[in-house]
Structure formats: C-alpha cells, structure tokens
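Notes follow the structure.
In listed order, ligands and their atoms are each counted from 1. The model shown is predicted, which means the values in this text are computed figures rather than measured ones.
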Amino acid sequence: MVPSPYMNDDVHSFAYDTARVRWPKILVQCIEDLSLLPPGSDVQWFTGKFKELLSAIDEDKEVQPFTDAEIKLNPSLKVYNEQLTSGMTWKTGPWLYLECYLYQYINNFFISKSIDIDIFQNLKQSTLISSKLGIIELCKKINEFDFCSVKDDDKLIFFKEFIDISLWGNSTDLSLLAGNVTLEDIKSIQGAETRKANEKNILVNGTTDIFTHLSQAKSPVVDIVLDNSGFEVFSDIVLAIYLIETKLAGKVTFHCKKIPWFVSDTLEKDFDELFKELIAFGDKDTAQFVDTVKSYISQKKFVVTSDDYWTLCSPYWTLPRDSIYEQLKDSTLVIFKGDLNYRKLTGDVQWDKTTPFETALQDLKGKINVVSLRTCKADVTVGLPEGVDERLKAEHGEFWSSSGKYAVISFCAKD
Ligand code: F6P
Ligand code: MG
C-alpha cells in the first residue's frame with residue numbers, strides 16, 4: 001500500500017518549515033525583483049498579487065481551483081484542478097502538490113498580462129557568477145582531458161568522477177538559499193576536494209551498475225531530466241561531454257522546464273544565459289568550453305528540449321500514460337537530476353527508508369531506465385540498508401534527509 005504524502009502541517013517534515021519560512025522569503029524576493037518587468041508594466045498590480053498570495057499563505061486560506069480563463073491560457077492547470085481536494089489549505093495540504101501549485105500560481109500573474117519574464121533571473125545570474133571559480137576549474141579540466149587515451153579499463157573510474165560532478169552540482173539549489181545555506185557553502189561544495197570528501201555521504205551508489213548497463217548498450221542514447229540552471233546544468237553538460245567523447249552515448253537530450261520553476265530550474269533560455277556568462281568570465285577555458293557545447297548542439301549530439309509534463313504536480317507514476325513517455329521509453333538511460341525529480345519519482349510519500357527504489361517507483365518501475373542523481377533536500381529517501389536511517393537520525397537529528405549533505409545514486413532498469 002502507498003503511504004500518505006508529506007503534509008505541510010507535519011512538524012516532523014521539512015514541509016512545515018518550507019511553507020512557513022521559505023515560501024514567504026521567496027515571494028518577498030519576487031516583489032523586489034519586479035524591477036525585471038518591461039517598462040510600462042503595472043508594477044503595482046503585480047506587487048498586489050504577490051502580497052495577496054503572501055497573506056493567503058500566512059492566513060492559511062483554502063486553496064482555490066484555477067479558473068476556466070486561466071486553464072485556457074495554460075492547459076496544464078486542468079490536472080491541478082483534478083487533484084485539488086476540497087478544504088485543502090496552504091499550511092495543511094500535501095507538500096508536493098502545493099509547492100508545484102505555488103509556482104504555477106505565480107506564473108499565472110505573468111501569463112495573464114502576456115509578459116514573458118523569468119522572475120528568478122536575477123537570483124539565477126548572481127549565483128552563476130558566484131560559481132565562477134568552480135566553473136573555470138572544471139572547464140580547464142575538460143579542455144585538457146585526453147579522452148582518446150582513456151583505456152576501457154579506466155572508463156568506469158572516470159565515469160564515477162563525472163557522475164559525482166553532476167550529482168554534487170545538485171547542491172546548488174537557489175530555493176535552499178531561502179534557508180540557512182550561504183553562497184560560500186555552495187562554492188566549497190563545488191570543489192574537487194569536497195567531492196572526494198563527500199563520497200562517504202552517498203548513501204546508495206548504483207554507479208557501477210549504471211556503467212555496466214550503459215557500456216553494454218548497442219547505440220546508447222541518454223536523456224537528462226534537468227534540475228537547476230547555473231552550476232548544476234553546467235555540471236550536467238560536463239557529464240554529457242564525457243559520455244559523448246567516450247562513446248558511452250551517441251546523443252544526449254536535455255529536458256528543461258517550460259515555466260520558471262522552484263526558483264532555479266533550467267529553462268531552455270538558461271543555456272544561452274550560461275553561454276553568455278561563461279564568455280563574460282573572459283577566460284580562455286570557459287570560452288573554449290562554450291565552443292565545444294555549441295558545436296555538439298549543431299551536430300545534434302546535444303538536443304535541448306522542454307515539455308509541460310515536468311511542471312505538473314503529478315508523481316512520475318503517471319509518466320507511462322503521458323505523451324513524453326514515447327520520447328523516453330527507448331532511451332538507454334533517463335537521468336533524473338535533483339531533489340524535486342526524486343520526490344516526484346517516489347511520490348513524496350512517507351515510504352519507510354528501507355523500501356526498495358523500484359517499489360517506490362510504482363507504475364514507472366520497469367517502463368524506462370531510471371537513474372536518479374539526487375542530493376537529499378527533502379524527507380523522502382528510499383533504498384537505504386537497515387539501520388542507516390536510525391544512525392543518521394542519532395547523529396544529525398530527524399531532518400538529516402533535508403540537509404543537502406547526503407546523496408543517492410539510484411538505478412532501476414527497464415524490464
Ligand atoms: O524547500 C527546499 C526545496 O525547495 C524542496 O522543496 C525541493 O524539493 C528542493 O528544494 C528543490 O531542490 P532541487 O532543485 O534539487 O529539485
Ligand atoms: Mg530545482
């Protein structure tokens with residue numbers, strides 16, 4: 001039986017703090033960033049809308065269905081109405097549903113006025129700039145890397161390193177900045193030394209099985225369901241270059257969000273923003289890196305795409321019934337990046353932490369080749385050996401799984 005979801009009124013869940021502390025901080029920041037609106041926009045109107053939303057959360061109002069007019073402008077919202085239960089309130093309802101609803105609700109402000117902006121752009125850009133040292137370090141490494149000299153026996157060792165780079169790249173999540181994580185913390189997480197030291201914090205590590213699966217495939221293609229822009233998507237591109245250069249993949253498709261999402265998630269335009277910033281660093285290694293990536297895109301070795309499915313509220317158990325499934329079912333590996341993707345893979349429900357990953361995938365189990373590279377920033381974690389949850393609780397308290405210090409690399413192959 002599927003357990004019940006994490007709820008916003010559960011003091012033992014990270015949801016509790018998120019709804020009361022983090023969401024309001026994010027909304028206040030949005031009001032400050034209304035300066036991004038094009039000239040002539042009705043700033044007052046937008047400020048009013050954000051303030052109304054802040055009060056609705058603060059006063060724990062009942063969450064309202066989206067209107068027909070809103071659904072006409074954004075058909076994804078129909079699914080939200082279907083899953084909205086009567087009497088659901090901001091501070092008591094299910095965390096996953098409400099957090100997705102929140103970002104759709106914000107997006108409605110802008111689409112209702114036909115304004116196409118990313119309200120999180122300033123935050124995204126400043127964090128990207130603060131990642132400069134980590135990015136230059138990695139660009140240099142990639143540019144100097146002699147891929148042809150990688151012997152078959154060494155491919156796994158390097159694969160592990162590049163998987164780790166992409167995994168810990170997920171520590172860079174701007175919505176976490178609304179908590180206690182500083183930019184300094186993020187910077188240090190990006191360094192090679194920190195990655196090594198963090199190896200013991202990978203609680204489930206399916207890297208060797210993933211490598212075996214990939215290296216045995218006939219014409220391997222890889223899909224990456226992206227999470228955050230900036231340093232994280234940069235680290236994903238680094239992994240993808242390794243896959244292409246060592247022929248572990250002939251093509252890598254990057255799946256982006258279509259609307260501004262969970263503050264830092266990658267939109268298609270964030271690839272261009274990344275290229276612009278890397279050039280602006282004025283460093284020869286970052287410029288060369290951009291040339292490499294652009295040439296992969298023009299050769300169709302890299303494909304950048306987006307789909308509304310990624311901004312629904314549904315667990316990925318529904319994926320085999322959605323049209324995007326057609327694009328993913330023949331993929332050699334579908335790598336889901338980050339915490340929110342993991343919450344959606346497992347339904348964000350209160351699984352016992354020793355539940356096998358494939359059980360938590362429900363209807364998705366065996367339908368596609370799933371890999372999750374996730375640093376743990378929420379309560380749900382599965383696939384742990386007996387006793388690990390108890391040990392971590394004793395060492396760090398009940399919120400160890402939301403601290404961003406631990407990670408999982410989980411794999412479930414297609415039947
Ligand atoms: O509140 C923290 C949080 O916003 C979680 O709700 C969410 O799962 C996570 O951060 C987003 O992390 P990521 O960018 O890794 O998906
Ligand atoms: Mg994210």
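- When you scan the N, O or S atoms of Asp227 for the one nearest the Mg ion (ligand 2), you land on OD1.
- With 2.8 Å as the limit, Asp339 does not count as an N, O or S neighbour of the Mg ion (ligand 2).
- When only interatomic distances are considered, the shortest N/O to N/O separation between Leu340 and ligand 1 falls below 3.5 Å.
- The angle Asp265:OD1 - the Mg ion (ligand 2) - Asn228:OD1 amounts to 90°, with values rounded to 10 degrees.
- Note on residues 7-20: no pairs pass salt bridge (charged side-chain N to carboxylate O under 4.0 Å, His left out), not counting sequence neighbours.
- Taking the six-membered ring for Trp and thresholds of 30 and 60 degrees, Phe357 and Tyr342 have nearly parallel ring planes, at less than 30 degrees apart.
- Here Phe50 and Phe109 bring their ring centres to under 6.0 angstrom of each other.
- Evaluation of the side-chain hydrogen bond (donor to acceptor under 3.5 Å, both in side chains) rule for Lys269 yields Asp118, Gln121 as partners, not counting sequence neighbours.
- Listed by number with element, the atoms of ligand 1 under 4.0 Å from a non-hydrogen atom of Asn170 are 15 (O).
- Here the side chains of Gln83 and Ser314 are in contact, with some heavy-atom distance below 4.5 Å.
- In summary, Glu277 and Lys132 do not engage in a salt bridge, as defined by a charged side-chain N under 4.0 Å from a carboxylate O.
- Near Thr18, with a cut-off below 4.0 Å to any heavy atom, the atoms of ligand 1 are 1 (O).
- Side chains of Leu123 and Val263 form a contact here, defined as non-hydrogen atoms less than 4.5 Å apart.
- Neither the backbone nor the side chain of Arg374 comes within contact range of ligand 1; no heavy atom lies under 4.0 Å.
- Using a 4.0 angstrom heavy-atom cutoff, Tyr342 does not count as in contact with ligand 1.
- Of all atoms in ligand 1, numbered sequentially from 1 with element shown, those under 4.0 Å from a heavy atom of Asp227 are 13 (P), 14 (O), 15 (O), 16 (O).
- Heavy-atom contacts from other residues, nucleotides or ligands closer than 6.0 Å to NZ of Lys329 number more than 12.
- Under 4.0 angstrom from ligand 1, there are no non-hydrogen atoms of Lys337.
- Using a 4.0 Å cut-off between heavy atoms, Asp339 contacts ligand 1 through both its backbone and its side chain.
- Heavy-atom proximity to Lys377, at under 4.0 Å, picks out these atoms of ligand 1: 12 (O), 13 (P), 14 (O), 15 (O).
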